[in-house]
There are 2 protein chains.
Amino acid sequence: MAGQVRTMATGGRAAGWKSVYDVLSKDILSLTLAPGELLDEMSLSRRFGFSRSPIREALIRLAGDGLVVTLPNRTTIVTPVDIVQFPKYVDALDIAQRVNTRLAAELRTEADLKAIAEAQVDFVAAIGSGDHLAMSGTNKAFHMAIARAGRNSYMMNFYERLLDEGRRILHLHFDYIERTRDGRLLTDEHEDMIDAIRARDVERADRLAHMHTRQFRDNFLDFLRMNYASSVDLGTPRS
Amino acid sequence: MAGQVRTMATGGRAAGWKSVYDVLSKDILSLTLAPGELLDEMSLSRRFGFSRSPIREALIRLAGDGLVVTLPNRTTIVTPVDIVQFPKYVDALDIAQRVNTRLAAELRTEADLKAIAEAQVDFVAAIGSGDHLAMSGTNKAFHMAIARAGRNSYMMNFYERLLDEGRRILHLHFDYIERTRDGRLLTDEHEDMIDAIRARDVERADRLAHMHTRQFRDNFLDFLRMNYASSVDLGTPRS
DNA sequence: TGTCGATCAATTGTCGACAATAGGTCGACA
DNA sequence: TGTCGACCTATTGTCGACAATTGATCGACA
């Protein structure tokens with residue numbers, strides 16, 4: 001490490017583990033730390049300039065969030081993105097997205113609408129900036145604002161966890177989305193959802209949420225279907 | 001503390017935090033450790049006979065599970081049972097129960113059915129034993145066997161977290177249930193669910209799951225409605 | 001060449017000490 | 001009597017050291 005990152009955290013105690021947690025969380029969500037990558041305490045201790053205790057505490061908290069995997073006497077790893085589980089992920093996201101968006105259409109206040117609209121403005125700005133981490137972060141913030149309007153913390157927490165996994169999946173194929181979608185990234189769908197919530201149209205909100213999940217799924221499947229490699233003629237295999 | 005509980009854990013390292021985690025987890029779920037109760041590291045260190053590090057690690061893991069609340073520089077507390085949120089909890093449990101039970105009816109194998117049936121046998125035995133912790137534990141295990149048959153780990157994890165909270169709520173009113181239900185505790189409903197899953201009757205499984213949630217809700221609301229106090233005549237308030 | 005046991009180094013889990021924090025108590029003052 | 005500041009104590013957060021674990025390497029042997 002060329003230099004230590006000894007973050008001067010604002011606020012008092014717990015500045016150790018929290019600063020480590022925040023940085024690692026961001027790095028994992030943005031795929032700066034790749035799925036499966038090793039996170040050993042000694043390296044992190046040298047990198048952040050804290051002793052191993054706050055490092056360990058940050059890692060345990062990240063494990064609680066599902067972002068890393070810790071096993072006894074083993075080096076912690078960044079949680080792998082399990083593509084085989086993608087269909088299960090999509091099914092769960094669909095449920096969470098539909099329930100939270102329905103609840104928002106049912107229970108929203110004027111203040112909620114304002115917050116959702118502001119989150120969408122931030123999202124559109126992030127799209128313009130080209131900053132992938134900001135894009136995935138403001139997308140999540142938009143959906144969290146909707147979930148907040150739905151007023152069920154259990155459903156919201158479930159949704160948040162799924163959205164975080166979705167952020168990592170998004171980062172796997174941002175380049176692809178930008179090339180094939182003129183960088184649009186589903187902004188129209190967000191606007192439609194806002195309209196349905198404003199109109200208290202629960203069924204429409206549900207349908208839009210469902211379509212939103214399907215779009216996300218189809219984007220990723222298209223990405224997986226893509227063949228990046230140059231055409232290489234290996235000849236016809238002999239049987 | 002009259003004597004130390006220095007548990008001789010099987011297996012190697014991580015025996016420190018894990019044994020603390022297991023004991024505290026059980027105590028919290030059974031309400032032996034009451035909601036809101038303080039868990040200070042020094043006392044736990046003396047109680048379990050470990051230094052504070054594994055205690056802290058266990059507490060951070062318990063916080064990740066939602067069983068305790070840790071804040072910087074504050075003594076950790078057992079997560080309160082928030083009765084105001086009970087309706088939100090029931091709505092979320094309803095979704096999770098229905099989705100997992102539907103999926104089980106759709107995707108179950110013969111091995112799944114066997115596992116579910118065995119879990120129900122354990123549950124019935126626990127009812128007979130009168131051991132509240134075993135009753136709530138085997139009830140959870142029954143529903144987890146169903147969720148396993150549904151094959152969506154995201155929905156299963158969500159359900160598990162809700163069932164754990166439900167265990168604590170169950171422990172709040174076990175005596176009441178036993179007095180008013182002849183200790184039956186919904187065993188017939190479990191059998192009906194097994195039948196629907198065996199028959200791959202997805203819609204019936206869904207309905208039964210929904211009724212199961214409603215029954216749980218109604219039991220608890222009846223319990224809250226009960227007046228335990230002896231009748232005390234304070235006279236008619238003067239306006 | 002493959003297998004096994006011994007050794008070593010780098011990690012992880014825990015220990016106890018030190019420093020920082022927060023709440024309670026006490027005395028002074030208005 | 002209520003408020004404020006100083007002091008004290010018991011906690012929490014972090015430190016660095018020690019012991020345990022694990023994987024890699026090496027040498028011996030068949």
Side-chain angles (χ1 to χ4, degrees), chain A residues 1 3-25 28 33-34 36-65 67-79, chain B residues 1 4-25 28 33-34 36-65 67-80:
Chain A
M1 289 289 152
Q4 288 187 335
V5 184
R6 180 64 182 260
T7 53
M8 290 293 118
T10 58
R13 297 286 290 285
W17 67 259
K18 188 155 195 316
S19 61
V20 174
Y21 173 90
D22 288 343
V23 171
L24 291 183
S25 175
I28 292 166
L33 283 173
E37 191 163 338
L38 298 182
L39 298 173
D40 81 273
E41 296 169 11
M42 300 303 299
S43 300
L44 294 177
S45 177
R46 290 189 296 267
R47 173 181 168 193
F48 287 101
F50 288 107
S51 78
R52 286 173 45 232
S53 298
I55 304 293
R56 293 179 61 80
E57 294 195 6
L59 291 177
I60 294 167
R61 287 182 165 92
L62 289 166
D65 294 342
L67 294 182
V68 302
V69 178
T70 63
L71 292 172
N73 277 302
R74 293 287 184 272
T75 304
T76 297
I77 64 166
V78 176
T79 301
Chain B
M1 290 289 151
Q4 287 186 337
V5 184
R6 181 64 181 259
T7 52
M8 291 294 115
T10 58
R13 298 287 290 286
W17 68 259
K18 186 149 196 319
S19 61
V20 174
Y21 173 91
D22 288 342
V23 171
L24 291 183
S25 176
I28 291 167
L33 283 173
E37 190 162 339
L38 298 182
L39 299 173
D40 82 273
E41 296 168 12
M42 299 303 299
S43 301
L44 294 177
S45 178
R46 289 188 297 270
R47 172 180 170 193
F48 287 101
F50 288 106
S51 78
R52 288 173 43 233
S53 297
I55 304 295
R56 293 180 61 78
E57 294 194 7
L59 290 176
I60 293 167
R61 287 183 165 92
L62 288 166
D65 295 342
L67 294 181
V68 303
V69 177
T70 63
L71 291 172
N73 278 302
R74 293 286 183 275
T75 304
T76 296
I77 63 165
V78 176
T79 300

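Order of the sequence lines fixes the chain letters, A, B, ..., with proteins taken first and strands second; residue numbering starts at 1 for each chain. Excluded from the calculations below are hydrogen atoms, water molecules and symmetry mates; all remaining heavy atoms, backbone and side chain alike, are included.
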When you compare the protein's N or O atoms with those of nucleotides 5-7 of chain D, which come within less than 3.5 Å of each other, and at what distance?
none

Rounded off to whole Å, could you give me the [atom1]-to-[atom2] distance for the [X] and [N] pair?
X       : N      : atom1 : atom2 : answer
B:Leu71 : C:dT21 : CG    : C1'   : 14 Å
B:Leu38 : D:dA10 : CG    : C1'   : 13 Å
A:Trp17 : D:dT12 : CH2   : P     : 15 Å
B:Glu41 : D:dT14 : CD    : C1'   : 12 Å
B:Asn73 : D:dT11 : CG    : C1'   : 9 Å
A:Met42 : D:dC15 : CE    : P     : 12 Å
A:Arg46 : D:dC15 : CZ    : P     : 15 Å
B:Ile55 : C:dC15 : CD1   : C1'   : 12 Å

_Could you check whether any side-chain heavy atom of B:Ser19 comes within less than 4.5 Å of a side-chain heavy atom of B:Phe50, counting everything from C-beta outward?_
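Sidechains of B:Phe50 and B:Ser19: in contact.
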*asked:* Side chain of B:Pro72 only, heavy atoms from C-beta on: which candidate in D:dC15, C:dC15, D:dG13 is closest?
replied: D:dG13
*Nearest to side-chain heavy atoms of A:Arg74, which nucleotide of C:dT14, C:dG13, D:dT22*: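 Of the options given, the side chain of A:Arg74 lies nearest D:dT22.
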Euclidean distance, [Y] [atom2] relative to [X] [atom1], rounded to 0.5 Å:
X       : Y       : atom1 : atom2 : answer
A:Ser25 : A:Asp22 : OG    : CG    : 7.0 Å
B:Leu38 : B:Leu33 : CG    : CG    : 11.0 Å
B:Arg61 : B:Asp65 : CZ    : CG    : 10.0 Å
B:Glu57 : A:Glu57 : CD    : CD    : 7.0 Å
B:Arg56 : B:Ser45 : CZ    : OG    : 12.0 Å

State whether [X] places a side-chain N or O below 4.0 Å from either non-bridging phosphate oxygen (OP1 or OP2) of [N].
X       : N      : value
A:Ser53 : D:dG16 : no
A:Arg56 : C:dG13 : yes
B:Ser51 : C:dC15 : yes
B:Arg52 : C:dT14 : no

*Does A:Pro54 or B:Leu39 map to a spot on DNA chain D nearer the 5' end, using the closest nucleotide for each?*
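With A:Pro54 and B:Leu39 compared, the 5'-side residue is B:Leu39.
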*Go ahead and name the base partner of C:dT1; Watson-Crick or wobble counts if both distances stay under 3.5 Å, otherwise write none.*
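Partner of C:dT1: D:dA30.
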*Under the side chain to side chain contact (heavy atoms under 4.5 Å, CB included) test, residues paired with B:Leu59 that sit two or more places apart*: B:Leu24, B:Leu39, B:Glu41, B:Leu44, B:Ile55, B:Leu62, B:Thr76
